[in-house]
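Positions are given from 1, in the same order as the sequence printed here. FYI, side chains are in, hydrogens and waters are out, and symmetry mates aren't considered; it's all heavy atoms of this structure.
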Amino acid sequence: MGALAAQAEITMKIVRGGGLDDLPLPGVVDALGCLMHNVEVLHQLVAAVNERAAQIREREVTERPAGTTLETMDSALMTLGYGQETAMSMHRLLSLGHRELVLVDEGEV
C-alpha cells in the first residue's frame, strides 16, 4: 500500500506542477502513465486481498456450520472479484487512451 501511496503522490505532483488546466499534452501523457501504474498496483492489491479472503473461506469458514456465514463469505468473494475485474478493465481503458494520446503527441496521427 505504501507503493500505491507513493505513486499517487508522484501523479498528483505531475498534475499539480503547473495546474491541470495548464498541463501540456506531454504532461498529460506522463500523468496518465503514472495513473496507469497506480491502477496496476491497486489491481495487484485487490488480487492479494481476494486470494487471502478465499484462503480464509476455505480454511476457516468451511469449518463452520453451513448457513449465513458461508453465504455471506461467498457473496463477499464474488463482489471482490468484480472489484478486481473493474480495476483490470480500468487499466485496459486507460492504456488505450494513453496509447492514443502518445500517437497524437508524437505526431503520428
Side-chain angles (χ1 to χ4, degrees):
M1 293 227 197
L4 182 59
Q7 278 301 118
E9 185 64 31
I10 291 169
T11 304
M12 288 307 297
K13 283 181 182 177
I14 291 171
V15 172
R16 288 183 184 151
L20 189 56
D21 291 337
D22 298 327
L23 199 61
L25 184 55
V28 172
V29 170
D30 290 344
L32 188 52
C34 288
L35 179 60
M36 288 173 16
H37 180 74
N38 294 347
V39 172
E40 184 178 333
V41 172
L42 177 65
H43 178 263
Q44 293 169 2
L45 288 169
V46 173
V49 167
N50 289 352
E51 184 177 322
R52 180 62 185 133
Q55 291 170 351
I56 290 169
R57 187 228 183 262
E58 290 302 315
R59 291 183 193 155
E60 298 172 19
V61 176
T62 53
E63 296 172 3
R64 298 180 188 181
T68 306
T69 301
L70 192 58
E71 291 170 3
T72 302
M73 191 69 176
D74 287 343
S75 176
L77 289 171
M78 184 175 63
T79 303
L80 291 170
Y82 290 147
Q84 185 175 347
E85 289 174 20
T86 299
M88 186 182 312
S89 296
M90 183 181 192
H91 187 269
R92 287 181 184 151
L93 291 170
L94 292 172
S95 294
L96 290 172
H98 183 263
R99 186 177 137 262
E100 290 171 337
L101 289 178
V102 167
L103 291 174
V104 171
D105 185 42
E106 294 177 351
E108 296 191 25
V109 289

Which pair of non-hydrogen atoms, one from Ala53 and one from Leu80, has the smallest distance, and what is that distance? CB-CD1, 4.2 Å
Indicate the atoms forming the closest heavy-atom contact of Gln84 with Asn50, along with that distance. OE1-ND2, 2.6 Å
Is there a path of hydrophobic side-chain contacts, each under 4.5 Å between heavy atoms, that joins Leu77 and Met88? no
Min side-chain heavy-atom separation His91-His43 under 4.5 Å: no
Measuring from atom OG1 of Thr86 to atom CG of Leu42, what distance do you get when rounded to the nearest 0.5 angstrom? 10.5 Å
Are Gln55 and Glu51 side-chain neighbours, meaning at least one heavy-atom pair lies under 4.5 Å? yes
Identify whether Leu94 and Leu103 are in the same connected component of the hydrophobic contact network (ILVMFWY, side-chain heavy atoms under 4.5 Å). yes
pair Ser95-Arg99: side-chain heavy atoms closer than 4.5 Å: no
One pair to check against side chain to side chain contact (heavy atoms under 4.5 Å, CB included): His98 and Val102. What are the steps and the verdict? CA-CA 6 Å; His98 183 263; Val102 167; 3.7 Å; yes
Gln44 vs Glu40, test: side chain to side chain contact (heavy atoms under 4.5 Å, CB included). Steps then yes/no. CA-CA 6 Å; Gln44 293 169 2; Glu40 184 178 333; 3.7 Å; yes
Answer with yes or no whether the hydrophobic clustering places Met36 together with Leu93; edges join I, L, V, M, F, W, Y residues whose side-chain heavy atoms lie under 4.5 Å apart. no
Nearest atoms (heavy-atom pairs only) where Pro26 meets Asp105: CG-OD1, 3.4 Å
Residue pair Met90 / Val39: nearest heavy atoms and the distance that separates them: SD-CG2, 4.0 Å
Minimum side-chain heavy-atom gap Ile56-Arg52 below 4.5 Å: yes
Looking at Glu71, is its backbone amide N or carbonyl O close enough to the side chain of Ser75 to form a donor-acceptor pair, meaning the two atoms are under 3.5 Å apart? no
Count I, L, V, M, F, W, Y as connected when their side-chain heavy atoms are under 4.5 Å apart, and connections chain through other members. Are Val109 and Leu25 then in the same cluster? yes
Give, for atom CG of Leu35 and atom CG of Asp30, the distance between the pair rounded to the nearest 0.5 Å. 12.5 Å
Test item: Arg92 and Leu96 side chains (from C-beta on) under 4.5 Å apart, heavy atoms: no
